[in-house]
Amino acid sequence: RSTLFPYTTLFRSARLLLKAAEKQVNDAVDKVAAAKAAKEKASKVAENIKESEGHTDKSKEALKNAAEESGKALKAYENAEKTLAEAQSLYDEMSMLAAAVKDAENADAAKSKADEALAKAASIKEKTEAIGGFIEEVTAASANAEKSLDEYKDEEEKYNKGIEEEKAKEEARKKAEAEARKKGEAAKKAAEKAQKEAAEQAAKKAADERKAKEETWQIGRASCRERV
């Protein structure tokens with residue numbers, strides 16, 4: 001019994017460590033799965049801005065921020081997945097070490113395996129904590145990317161609205177100029193017509209006056225002949 005006691009104690013300790021490590025890994029799996037939605041949002045932002053172009057300083061800055069933040073989110077998620085795979089691999093190794101404690105040939109061998117399991121447990125804890133940090137970065141960066149994308153869209157909408165307003169003003173100016181030219185041409189034609197009509201009337205009046213004088217002269221001449 002005294003010979004089995006160290007083995008039993010070490011095995012139980014290893015099993016407790018393994019159980020704690022299993023919870024840490026499972027929690028990390030849940031966190032990574034939960035962060036997938038944020039990662040997808042970051043991917044969508046990255047896709048939306050791929051062919052985008054900023055036309056103002058503010059929209060260019062917002063576009064730059066959206067690209068940087070979406071890149072951060074995607075990289076952090078990649079790191080989380082990679083670290084999770086490492087933690088799972090460590091857990092598998094730790095499981096084998098915990099089993100090896102029970103089957104060890106002597107107390108020294110059992111203690112050696114238990115120490116290795118303890119080291120694996122420490123590494124698993126370190127990696128799962130790192131995963132938590134990566135997930136926080138994914139969530140924050142993804143939200144920042146979406147915010148920057150919205151700012152970019154708002155700024156571009158203002159820019160495009162300004163362009164449309166300028167186009168409308170230019171069209172209104174051209175229309176006003178065309179109407180002014182049209183009115184000017186109409187006024188010119190009316191003036192030319194009035195001038196022509198006035199000239200015709202003056203010419204007719206002059207002709208009528210000449211005719212009247214001619215008739216008066218003819219009457220006067222005829223009168224003189226009758227007297228003679």
To the nearest 0.5 Å, tell me how far Leu118 CG sits from Lys111 NZ. 9.5 Å
Which distance, rounded to the nearest 0.5 Å, do you find between the CD of Glu155 and the NZ of Lys60? 11.5 Å
Ion pair check, Lys44 and Glu47, cut-off under 4.0 Å: no
Closest non-hydrogen contact found for Gly54 with Leu63 is N-CD2, 3.9 Å
Counting N and O atoms only, with roles assigned by atom type, does the side chain of Thr128 sit under 3.5 Å from a partner on the main chain of Lys125, one being a donor and the other an acceptor? yes
Tell me the closest heavy-atom pair linking Ser70 and Ala67, and the distance in Å. OG-O, 3.0 Å
Return the CG to CD distance between Asn144 and Glu151, rounded to the nearest 0.5 Å. 9.5 Å
Could you pull out every donor-acceptor pair under 3.5 Å between side chains of residues 16-33 and any protein atom, sequence neighbours left out?
unit_1, atom_1, unit_2, atom_2, d
Lys23, NZ, Asp27, OD2, 3.0
Asn26, ND2, Glu22, O, 3.3

Per the salt bridge (charged side-chain N to carboxylate O under 4.0 Å, His left out) rule, what does the pair list look like for residues 175-193, sequence neighbours excluded? Arg173-Glu177
What's the spacing between Leu149 CG and Glu146 CD if we round to 0.5 Å? 8.0 Å
Donor-acceptor pair, Ser142 side chain versus Thr139 backbone, under 3.5 Å? no
So, does Thr83 use its side chain to make a donor-acceptor pair with the main chain of Ala80 at under 3.5 Å? no
What's the shortest heavy-atom distance between Ala141 and Lys72, and which atoms? CB-CB, 3.9 Å
Compare all side-chain heavy atoms of Gln201 with those of Lys204 and state whether any distance is below 4.5 angstrom. no
Name all pairs fulfilling the ring pair (Phe, Tyr, Trp, His ring centres under 6.0 Å) condition that reach into residues 45-65, sequence neighbours left out, sorted by first residue then second. His55-Tyr159
Under 3.5 Å side-chain donor-acceptor pair for Glu214 and Gln218: yes
Sidechain-backbone polar pair: Tyr152 side chain, Ile49 backbone, donor-acceptor under 3.5 Å: no
Please report, to 0.1 Å, the donor-acceptor pairs under 3.5 Å made by any side chain of residues 34-42, with sequence neighbours excluded.
none

List the steps and the verdict of salt bridge (Lys or Arg N to Asp or Glu O under 4.0 Å) for Lys167 and Glu170. CA-CA 5 Å; Lys167 285 182 180 179; Glu170 181 64 15; over 6 Å; no
Atom pair OG (Ser59) and NZ (Lys153), whose distance is rounded to the nearest 0.5 Å: 13.5 Å
Less than 3.5 Å apart, which donor and acceptor atoms pair up between the side chains of residues 85-98 and the rest of the protein, not counting sequence neighbours?
unit_1, atom_1, unit_2, atom_2, d
Glu86, OE1, Lys127, NZ, 2.9
Glu93, OE1, Lys120, NZ, 2.6
Ser95, OG, Tyr91, O, 3.0

Just wondering, are more than 12 heavy atoms of other shown residues or ligands nearer than 6.0 Å to CD in Glu68? yes
Short side-chain to backbone donor-acceptor contact, Ser112 and Asp108, under 3.5 Å: no
Give the other cluster members for Ile219, using side-chain heavy-atom distances under 4.5 Å between Ile, Leu, Val, Met, Phe, Trp and Tyr residues; answer none if it is isolated. none
Determine whether more than 12 heavy atoms belonging to other residues, nucleotides or ligands lie under 6.0 Å from atom CG of Asp208. yes
